Amino acid sequence: MTMNKTIYKVTTTTCGTCKMVQPHWDKAKKANPDVEFIEVVADKSEEDMQFAKEYSVSQLPTFIVLEGGKEIKRHRGFASEAQIKDLIS
């Protein structure tokens with residue numbers, strides 16, 4: 001299976017809203033096996049911090065959807081399962 005669409009959730013280890021989003025993220029991930037879900041924890045590794053800087057993340061969580069390597073959608077702040085599904089549709 002080739003995954004052309006990827007959704008990134010940019011978070012930190014101390015982000016309370018990010019923790020509230022986690023169940024919605026997990027449900028959307030399970031319901032959409034054709035989409036790659038990647039969690040970027042900006043305060044955990046240099047690579048993740050670089051990703052957050054490269055995409056100018058200024059609010060947490062931030063959801064970034066890439067298709068064919070290009071950003072096509074972005075959402076900042078809390079997201080329900082329906083909002084996450086809308087992002088990847």
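Bear in mind the structure is a predicted one, so any value in this text is a computation, not a measurement.
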Gap separating the CZ atom of Arg76 from the OG1 atom of Thr17, nearest 0.5 angstrom: 15.0 Å
Between NZ on residue Lys44 and OG1 on residue Thr13, distance to nearest 0.5 Å: 7.5 Å
CD on Glu47 to CD on Gln50, rounded to 0.5 Å: 9.5 Å
Asp48 side-chain N/O to Val41 backbone N/O, donor-acceptor pair under 3.5 Å: yes
Separation between NZ of Lys73 and CD1 of Ile7, rounded to the nearest 0.5 Å: 9.5 Å
Note, Glu39 side chain near Gln22 side chain (heavy atom, < 4.5 Å): yes
Same apolar cluster: Ile64 and Leu60, side chain cutoff 4.5 Å: yes
Leu66 side chain near Tyr8 side chain, heavy-atom distance below 4.5 Å: yes
Glu71 with Arg74: basic N within carboxylate O range, under 4.0 Å: yes
Verdict with supporting geometry, Thr62 and Tyr55, side chain to side chain contact (heavy atoms under 4.5 Å, CB included): CA-CA 10 Å; Thr62 293; Tyr55 284 93; over 6 Å; no
Whether Phe63 and Trp25 hold their rings parallel, tilted or perpendicular, with breakpoints at 30° and 60°: tilted
Check: Val40 and Thr11 side chains under 4.5 Å, non-hydrogen atoms: no
Path from Met49 to Ile38 over hydrophobic side-chain contacts below 4.5 Å: no
Contact check, side chains of Pro61 and Lys19, non-hydrogen atoms, under 4.5 Å: no
Spatial distance of atom NZ (Lys29) from atom CD1 (Ile88) [nearest 0.5 Å]: 12.0 Å
Using distance only, find each side-chain donor-acceptor pair of residues 79-87 under 3.5 Å and give its atom names and separation, not counting sequence neighbours.
| residue | atom | partner | partner atom | Å |
| --- | --- | --- | --- | --- |
| Ser80 | OG | Ala82 | N | 3.4 |
| Ser80 | OG | Gln83 | N | 3.2 |
| Ser80 | OG | Gln83 | OE1 | 3.4 |
| Glu81 | OE2 | Lys85 | NZ | 3.2 |
| Gln83 | OE1 | Ser80 | N | 2.7 |

Separation between CZ of Phe37 and NZ of Lys9, rounded to the nearest 0.5 Å: 10.5 Å
